[in-house]
Asks: 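Handing you this structure, nothing more for now.
Counting begins at 1 with the first residue of the sequence.
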Amino acid sequence: MTKEWRRRMNELELKYGCNPNQKPSRIYMNDGSELPIKVLCGRPGYINFLDAFNGWQLVSELKKATGLPAAASFKHVSPAGAAVGLPLTETLAKIYWVDDLGDLSPLASAYARARGADRMSSFGDFISLSDVCDVDTARLIKREVSDGVIAPGYEPEALELLKQKKKGNYNIIQIDPDYVPAPLEHKEVFGITFEQGRNELHIDKDFFSNVVTENKVIPDAAKIDLAIAMITLKYTQSNSVCYVKDGQAIGIGAGQQSRIHCTRLAGQKADNWWLRQNPKVLDLQFKDGIGRADRDNAIDLYIGEEYMDILADGVWENTFKVKPEVFTREEKRAWLDQMTDVALGSDAFFPFGDNIERANKSGVKYIAQPGGSVRDDNVIATCNKYQMAMAFTGIRLFHH
């Protein structure tokens, strides 16, 4: 370990806790050892660190499971997006607003995917990177609205680029990649301390061997997508459901009390990701000077049911050069029917077949869930109706 790491503190005072009235606030090591992090710029807050530490665990596990650089975009202690560093297609580069940056490094591609899957939710995110932040990734981060980033290191030029954000106040955290937490973790609620063993469950493509449907075929690529879904769910506030395609989460439904609401929420996000790739959306002619966030908001309205909020006379002129045609419900359904081979993970069992019915509408073909519902037979039968392949993992992944 370098001298730089040895100079770290074992306690860091924070501005406040979850809310400004919650003072004092700090992070520290209960055993008196040094913190495994170093703040290189900014002053991260309580929620920033919750996002950073959950995100770091997520991307570290994605890297171990796939061998690829990984990135996550966190908001309010759940990922808005998570992905591994596969090359971007021309269409994805365009809908993620990175087509002007040229060929991106694998790590930058991972963050472009993680940020781009649900750009509405990723606005103002905290970023987690599995690898040393390179210049490509820093260039991408620099122009997005973000609260901060955590990574095991930063190339010198990348660090200088990031330090320019927020007038020099952008939160940049370096974490010791060799840090291993204690096997027991503690949490205090209402003055009472909870203790549990850390969730050290290892998830990879071999996790999905118990296929319970008539269709037993889950290709290796789909198993990797299922692993990405389950690792993402491991660090998502429960209940949670995650749709994944081609190495990236495309829809995450978090924190809903009902599983069908998780499935619907995540499915709607997955649908929006696919609808953004429709030629009608790709060909929207935005006025000069309209920023990425405003374009994202406009697209979200355009592809949704409230499209007249952006297309009404006297309104569309503020955003577009030419008034767009209505993207009809029939056109959207026809386009969504072309989305196929989507993987779906759930952090607990599906209690009813209605979850599978909803998943089918978003092109789901492969499913992983714990199993164990009294209605497993109904859920399996619904999968069989659509020739889906579903694996029972026997493992619940609640996170609170």
Asks: Nearest 0.5 Å, please: how far is CD in Gln174 from SG in Cys133?
Replies: 11.0 Å

Asks: Can you list the residues that meet the side chain to side chain donor-acceptor pair (under 3.5 Å) rule with Glu331, with sequence neighbours excluded?
Replies: Lys280, Thr328

Asks: Which pairs count as ring-ring contact (aromatic ring centres under 6.0 Å, His included) when at least one residue sits in residues 196-228, sequence neighbours excluded?
Replies: none

Asks: Give the other cluster members for Val322, using side-chain heavy-atom distances under 4.5 Å between Ile, Leu, Val, Met, Phe, Trp and Tyr residues; answer none if it is isolated.
Replies: none

Asks: Please collect all ring-ring contact (aromatic ring centres under 6.0 Å, His included) contacts where either partner lies in residues 244-285, sequence neighbours excluded, each pair once.
Replies: Trp274-Trp335

Asks: Does Pro87 offer a backbone N or O that forms a donor-acceptor pair with the side chain of Arg113 under 3.5 Å?
Replies: yes

Asks: Return the set of residues passing salt bridge (Lys or Arg N to Asp or Glu O under 4.0 Å) with Glu90 (not counting sequence neighbours), or none when no residue passes.
Replies: none

Asks: Using the rule salt bridge (charged side-chain N to carboxylate O under 4.0 Å, His left out), only one of Arg143, Arg139, Arg292 pairs with Asp100; which is it?
Replies: Arg143

Asks: Please report the interatomic distance CG(Asp354) to CZ(Arg259), rounded to the nearest 0.5 Å.
Replies: 11.5 Å

Asks: Indicate whether any N or O donor in one side chain lies under 3.5 Å from an N or O acceptor in the other, for Asp134 and Thr137.
Replies: yes

Asks: Can you give each donor-acceptor pair under 3.5 Å made by side-chain atoms of residues 298-315, sequence neighbours left out, with the distance rounded to 0.1 Å?
Replies:
from	atom 1	to	atom 2	distance (Å)
Tyr302	OH	Glu325	O	2.6
Glu305	OE1	Arg329	NH2	2.8
Asp313	OD1	Lys323	NZ	3.1

Asks: Under a 3.5 Å threshold, yes or no: a donor from one side chain and an acceptor from the other, between Thr213 and Asn384?
Replies: no

Asks: Do NZ/NE/NH1/NH2 and the carboxylate oxygens of Lys38 and Asp176 come within less than 4.0 Å?
Replies: no

Asks: Tell me yes or no: between the side chains of Tyr170 and Gln164, is some donor less than 3.5 Å from an acceptor?
Replies: no

